[in-house]
Colleague: 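Structure incoming, see below.
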Amino acid sequence: MDKRPVGVFDSGLGGASVLREALRILPTEHYIYFGDNKNAPYGDKSEQEILELSLKSADFLLSFGIKVMLFACNTATGTAIKQVREKLSIPVISIEPAIKPACEAVGDGTILMLATKATTQMERYHKLKARMPQSCRIIDIPCPGFVERIEQGVFGIGEYDDLFDKHLGEFKGERVDAIVLGCTHYIFIKEVLAEYAQRNFLGECRFFDGNLGTVRQLARVLKSKDMLNNQQKPTVDFYTSGDEARLKPLFEKLLYS
Ligand code: DGL
């Protein structure tokens with residue numbers, strides 16, 4: 001039994017979608033969440049900037065004496081995970097776009113992989129993609145603008161149509177077999193996107209994300225290292241570099257919705 005907290009990091013509110021799964025699978029842990037909301041979105045920044053911000057955020061979480069670090073951000077994982085693992089002596093769990101389950105589960109049609117601009121350009125992601133069977137089926141779509149709107153608390157049907165048209169408009173009337181949500185923020189607009197996809201695309205449009213797989217990996221690591229906690233209930237402490245008075249209620253709404 002290990003009562004030290006689990007540190008969870010994202011550039012902003014997106015990691016709440018991963019933490020939500022963690023609360024379900026590992027409900028006896030104490031979580032400390034840090035959102036670097038002041039600097040979000042990371043996805044439009046240079047690799048050097050993302051690396052520096054991720055290392056600084058990791059240091060902040062380390063100051064709480066965490067037993068494991070959960071990088072709940074595809075963008076930060078792709079850029080900084082190697083350096084973070086080299087620097088930290090605790091286990092670091094990370095997330096990456098769920099293209100593997102998508103390739104294994106759907107036929108031979110188009111898979112749209114939606115992520116931040118930075119993720120779609122990263123060497124780490126392209127190496128992962130190269131290992132997929134028929135990787136030419138995967139079409140990478142950088143989606144600038146999504147994260148900013150999600151950080152503002154906008155989640156209504158139709159409220160993203162302008163951005164969807166801009167980034168996905170060329171697939172209208174086309175068959176789309178799967179959509180991979182390659183950014184943890186995008187989970188919060190899954191229903192909004194599904195409604196758009198139903199109106200505009202042909203094909204099954206099955207959704208995939210890496211959240212559950214990542215949390216299962218966290219559970220495996222904690223168990224194998226004998227680090228599980230045994231609290232009666234999960235506890236979550238929220239920290240942000242942004243405006244806490246506005247962000248904390250939004251974070252809690254997303255986490256417990
Ligand atoms: N939530 C993050 C991810 O999974 C990135 C959002 C951002 O651009 O800051 O990639």
Side-chain angles (χ1 to χ4, degrees), residues 7-22 33-58 60-61 69-82 84 92-99 102 112-126 128-129 140-155 160 163 167 179-190 192-193 207-215 217-218 238-243 247 250-251 254-255:
V8 185
F9 162 62
D10 181 48
S11 62
L13 297 171
S17 67
V18 187
L19 182 53
R20 202 162 61 173
E21 291 293 345
Y33 185 98
F34 177 63
D36 192 8
N37 303 75
K38 188 176 142 213
N39 293 303
Y42 278 16
D44 299 329
K45 296 190 189 318
S46 70
E47 293 217 8
Q48 187 56 33
E49 280 175 298
I50 299 170
L51 176 62
E52 281 165 20
L53 292 169
S54 303
L55 288 170
K56 200 169 153 211
S57 301
F60 176 73
L61 280 169
M69 174 88 71
L70 173 57
F71 255 50
C73 179
N74 295 268
T75 308
T77 296
T79 313
I81 204 68
K82 195 165 163 274
V84 170
V92 182
I93 313 298
S94 62
I95 191 161
E96 59 192 4
I99 51 175
L112 301 181
M113 200 295 286
L114 277 53
T116 65
K117 188 165 144 240
T119 296
T120 61
Q121 291 173 347
M122 274 164 202
E123 199 190 331
R124 186 181 165 93
Y125 169 66
H126 285 282
L128 172 74
K129 193 170 151 185
D140 301 329
I141 318 272
C143 299
F146 284 15
V147 167
E148 290 90 325
R149 212 169 278 186
I150 292 161
E151 289 277 310
Q152 286 307 311
V154 176
F155 305 107
Y160 284 80
L163 288 173
H167 299 310
I179 297 181
V180 175
L181 300 174
C183 168
T184 53
H185 278 77
Y186 300 174
I187 312 299
F188 296 121
I189 55 165
K190 185 170 156 182
V192 187
L193 178 56
F207 280 85
F208 293 85
D209 66 70
N211 286 15
L212 185 56
T214 298
V215 171
Q217 175 62 7
L218 171 66
F238 174 74
Y239 293 88
T240 175
S241 58
D243 174 5
L247 292 162
L250 187 51
F251 169 79
L254 294 172
L255 190 59

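Note that ligands are numbered from 1 as they come in the structure, with each ligand's atoms numbered from 1 the same way. Throughout, residue positions are numbered sequentially from 1 according to the sequence presented.
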Colleague: Please report the C-alpha distance between Thr120 and Ile141 in whole Å, then the side-chain angles of each, then the deciding distance to 0.1 Å, and finally whether the side-chain contact (heavy atoms from CB on, under 4.5 Å) criterion is met.
Modeller: CA-CA 7 Å; Thr120 61; Ile141 318 272; over 6 Å; no
Colleague: Looking only at protein heavy atoms, which one is nearest to atom 6 (C) of ligand 1, and how far off is it?
Modeller: Ser11 OG, 3.3 Å
Colleague: Look at the aromatic rings of Phe9 and Tyr42 and report parallel, tilted or perpendicular, splitting at 30° and 60°.
Modeller: tilted
Colleague: Working note: Ser11 + Lys45, criterion side-chain contact (heavy atoms from CB on, under 4.5 Å); need CA distance, chi angles, decisive distance, verdict.
Modeller: CA-CA 12 Å; Ser11 62; Lys45 296 190 189 318; over 6 Å; no
Colleague: What protein heavy atom lies closest to atom 8 (O) of ligand 1? Include the residue and the distance to one decimal.
Modeller: Gly43 N, 2.8 Å
Colleague: Any ion pair linking Lys129 and Asp140 (charged N to carboxylate O, less than 4.0 Å)?
Modeller: yes
Colleague: Does Asp10 approach ligand 1 within less than 4.0 angstrom via side chain, backbone, both or neither, non-hydrogen atoms only?
Modeller: side chain
Colleague: Take every heavy atom of Cys73, measure it against each atom of ligand 1, and state whether any distance is under 4.0 Å.
Modeller: yes
Colleague: Specify the protein heavy atom at minimum distance from atom 1 (N) of ligand 1: its residue, its atom name, and the distance to 0.1 Å.
Modeller: His185 ND1, 2.7 Å
Colleague: Does a side chain donor of either Gln48 or Glu52 reach within less than 3.5 Å of an acceptor in the other side chain?
Modeller: yes
Colleague: Say you draw a straight line from OG1 of Thr240 to CG of Asp36; how long is it, rounded to the nearest 0.5 Å?
Modeller: 7.5 Å
Colleague: State whether the shortest distance between N or O atoms of Asn74 and N or O atoms of ligand 1 falls below 3.5 angstrom.
Modeller: yes
Colleague: What atoms of ligand 1 come closer than 4.0 angstrom to any heavy atom of Thr75?
Modeller: 3 (C), 5 (C), 10 (O)
